[in-house]
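Here is the structure we will look at.
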Amino acid sequence: MIYIGLFLLIVITFLLYMWKVAHENNVLHHQLSLKGEQETIRLFFISDTHLRKINRPMIERLSGTFDAVIIGGDFADSRTPIQRIHDNLDLLTPLGPTYFVWGNNDREVGEEQFRDILQQHNVKIIANDAILLPNKNRLWISAIEDTSTMQYSFDAAFEKVGEDDLVVFISHNPGVFARVRAKFRADLMIGGHLHGGQIRVGPYGVHPLGSYREREGVMTLVSNGYGTTLLPFRLGAKPECHIIDIDISGK
């Protein structure tokens, strides 16, 4: 009985630790240098919120405003209370113009209802399209429809982009990035979806750990995401959201 009790204590302690990690609030900062007319463009990226309530003190600690707040999909799923979606948007939208990219779970809320909520908060959906930011440099936020719908179009996402324009390409599923690099030019690619594996044993996980690094000549951010799916636990793949400072200097 003593050994059983000790074993249960260890299990409960371990689960509490994974629950605590899953509710951390980590904001990672990234830099990207590009050529163009001198300015700094600031982006805030968050993905895979799912059921989680965004932490107000985390948002209030962010300094300044952003040229674009990008919600990279799976902002909600079938478990998410509608009021929580509103509350989370109330925290994000004051940071700057807010854009939404579909994930594979968002439509579980009901697509019409979800679109109406986004419209109420003046959030623009980008799907198989690109939106030009109103900065000195021509920088586009380009994104596809979620890959699970089989209705995504890379051609449509890049149709408006000029040869010398700057491009930030978003896909909830980063599995398409290699296909984009093979045919189109982007200066930064951003995705989520994989949760960094969410629960990892040492270096091993069902998906790769999130990272910000150069892949075949293109800086690429794959986020661990902010929330969790299925179980509210994380191990070895901390939750995160991101600030990207794009420093543009003379040609």
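Along the sequence shown, residues carry numbers from 1.
For the atom pair Phe154 CZ and Ser171 OG, the distance stands at 7.0 Å (nearest 0.5 Å). We find the CE-CZ distance between Met189 and Phe177 to be 6.5 Å, quoted to the nearest 0.5 Å. Rounded to the nearest 0.5 angstrom, Ser249 OG and Leu34 CG are separated by 8.5 Å. Between the CG atom of Asp67 and the CG atom of Leu95 there is a distance of 12.0 Å, given to the nearest 0.5 Å. Expressed to the nearest 0.5 Å, how far CG of Leu51 lies from CG of Leu230 amounts to 11.5 Å.
A continuous path of hydrophobic side-chain contacts links Phe45 to Leu43 [ILVMFWY only; heavy atoms under 4.5 Å]. Both Tyr212 and Val168 belong to a single network of hydrophobic side chains, linked directly or stepwise wherever heavy atoms of I, L, V, M, F, W or Y lie under 4.5 Å apart. Ile170 is not connected to Phe44 by any chain of hydrophobic side-chain contacts under 4.5 Å among Ile, Leu, Val, Met, Phe, Trp and Tyr, and they are in different clusters. Residues Val69 and Ile125 are members of one and the same hydrophobic cluster, defined by side-chain heavy-atom contacts under 4.5 angstrom among Ile, Leu, Val, Met, Phe, Trp and Tyr. Ile117 and Leu92 fall within a single hydrophobic cluster, where Ile, Leu, Val, Met, Phe, Trp and Tyr are joined by side-chain heavy atoms under 4.5 Å apart, directly or via other members.
Side-chain atoms of Arg107 and Arg115, non-hydrogen and from C-beta on, do get closer than 4.5 Å to each other. Counting heavy atoms from C-beta outward, Ile59 and Leu62 have side chains that approach closer than 4.5 Å. His23 is not listed as a side-chain neighbour of Arg234, based on a closest heavy-atom distance of 4.5 Å or more. Between Asn122 and Thr98 the shortest side-chain heavy-atom distance does not fall below 4.5 Å. For the pair Gln120/His86, a side-chain contact is recorded, criterion being any heavy-atom separation below 4.5 Å from C-beta on. Using a 4.5 Å heavy-atom threshold, the side chains of Leu9 and Thr13 count as touching. At least one side-chain heavy atom of Leu89 sits under 4.5 Å from a side-chain heavy atom of Leu118. Side-chain contact between Ile126 and Ile141 is present, with at least one heavy-atom pair separated by less than 4.5 Å.
Taking all atoms of both residues into account, the shortest heavy-atom contact from Trp140 to Gly162 is NE1-N, 4.4 Å. Considering every non-hydrogen atom in both Val21 and Pro239, the closest pair reads O-CD, 3.2 Å. Summarising the geometry of Glu37 relative to Asn137, their closest heavy-atom pair is O-ND2, 2.6 Å, with the distance given to 0.1 Å. Heavy atoms only, all atoms of each residue included: Lys35 and Ile248 are closest at C-CG2, 3.7 Å. Contact record, Gln151 with Asn128: O-ND2, 2.9 Å, taken as the closest heavy-atom pair. Here the closest heavy-atom approach between residue Ala143 and residue Ala157 is recorded as O-CB, 3.6 Å.
Under 4.0 Å is where a charged nitrogen must lie from a carboxylate oxygen, and between Asp164 and Arg138 no such pair does.
For an aromatic pair to be called close, the ring centres must be under 6.0 Å apart, and His29 with His242 fails this.
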Inset, instruction - Take Met219 and Leu221 through the side-chain contact (heavy atoms from CB on, under 4.5 Å) test and state the conclusion after the steps. - result: CA-CA 7 Å; Met219 289 308 298; Leu221 170 61; over 6 Å; no
Legend entry - side chain to side chain donor-acceptor pair (under 3.5 Å) evaluation trace for Asp247 with Thr40: CA-CA 5 Å; Asp247 296 316; Thr40 297; 3.0 Å; yes
Legend entry - Intermediate values then yes/no, salt bridge (charged side-chain N to carboxylate O under 4.0 Å, His left out), Arg42 and Asp245: CA-CA 5 Å; Arg42 303 190 76 215; Asp245 285 322; 3.0 Å; yes
Legend entry - Candidate pair Thr80 and Phe75, rule side-chain contact (heavy atoms from CB on, under 4.5 Å), full reasoning: CA-CA 9 Å; Thr80 312; Phe75 194 62; over 6 Å; no
Legend entry - Stepwise side-chain contact (heavy atoms from CB on, under 4.5 Å) check, Lys160 with Asp129: CA-CA 8 Å; Lys160 298 177 182 176; Asp129 197 4; 2.9 Å; yes
Inset, instruction - May I have the step-by-step check of side-chain contact (heavy atoms from CB on, under 4.5 Å) for Ile85 and Phe114, ending in yes or no? - result: CA-CA 9 Å; Ile85 300 173; Phe114 197 77; 4.1 Å; yes
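A donor-acceptor contact closer than 3.5 angstrom is absent between the side chains of His207 and His193. Counting only N and O atoms by type, the side chains of His195 and Asn224 include no donor and acceptor under 3.5 Å apart. Side-chain contact of Asn105 with Glu108: a donor-acceptor pair under 3.5 Å is present, judged by distance alone. Looking at Asn173 and Thr147, their side chains do bring a donor and an acceptor atom within 3.5 Å of each other. For the residue pair Ser148 and Asp146, a side-chain donor N or O sits within less than 3.5 Å of a side-chain acceptor on the partner.
Remark: Glu39 CD is packed, more than 12 non-hydrogen atoms of other residues, nucleotides or ligands lying under 6.0 Å away. Sparse packing is recorded around CD of Gln119, with 12 or fewer heavy atoms of other residues, nucleotides or ligands lying under 6.0 Å away. Heavy-atom neighbours of Lys136 NZ from other residues, nucleotides or ligands within 6.0 Å: above the threshold of 12. Within 6.0 Å of atom CD in Glu214, more than 12 heavy atoms from other residues, nucleotides or ligands are found, so the atom counts as buried in its surroundings. The local environment of CZ in Arg215 is crowded, with over 12 non-hydrogen atoms from other residues, nucleotides or ligands closer than 6.0 Å.
Of the possible donor and acceptor atoms, one in the side chain of Thr220 sits under 3.5 Å from a partner among the backbone N and O of Val218. The main-chain N or O of Arg79 is found under 3.5 Å from a side-chain atom of Asp77 such that the two form a donor-acceptor pair. Checking side-chain atoms of Asp165 against main-chain N and O of Leu139 turns up no donor-acceptor pair under 3.5 Å. Judged by distance alone, the side chain of Gln198 and the main-chain N or O of Ala237 form no donor-acceptor pair under 3.5 Å. The closest donor-acceptor contact from the side chain of Ser153 to the backbone of Ala156 lies under 3.5 Å. Judged by distance alone, the side chain of Arg200 and the main-chain N or O of Pro203 form a donor-acceptor pair under 3.5 Å. Side chain of Asp187 to main chain of Val167: a donor-acceptor pair is present (N/O by atom type, distance under 3.5 Å, no hydrogens or angles). Panel note: side chain Lys53, backbone Arg84; no donor-acceptor pair is recorded below 3.5 Å. Under a 3.5 Å cut-off, the side chain of Thr228 and the backbone N or O of Phe233 do not form any donor-acceptor pair. Judged purely by atom type and a 3.5 angstrom limit, Gln113 uses its side chain to pair as donor or acceptor with the backbone of Val109.
Here the options are Asn26, Leu209, Asn25, the test is side-chain contact (heavy atoms from CB on, under 4.5 Å), and the partner is Lys238; only Asn26 passes. Paired with Ile46 under the rule side-chain contact (heavy atoms from CB on, under 4.5 Å), one option of Ile70, Asn88, Ile54 passes, and it is Ile54.
Relative ring orientation between Phe158 and Phe169 is described as parallel, the plane-to-plane angle staying below 30° on a 0-90° scale split at 30° and 60°. Using the six-membered ring where Trp is involved, Tyr17 and Phe14 have ring planes that are parallel, under 30° apart on the 30 and 60° scheme.
The cationic atom of Arg52 (NZ for Lys, CZ for Arg) lies less than 6.0 Å from the six-membered ring centre of Tyr226 and within 45° of the ring axis.
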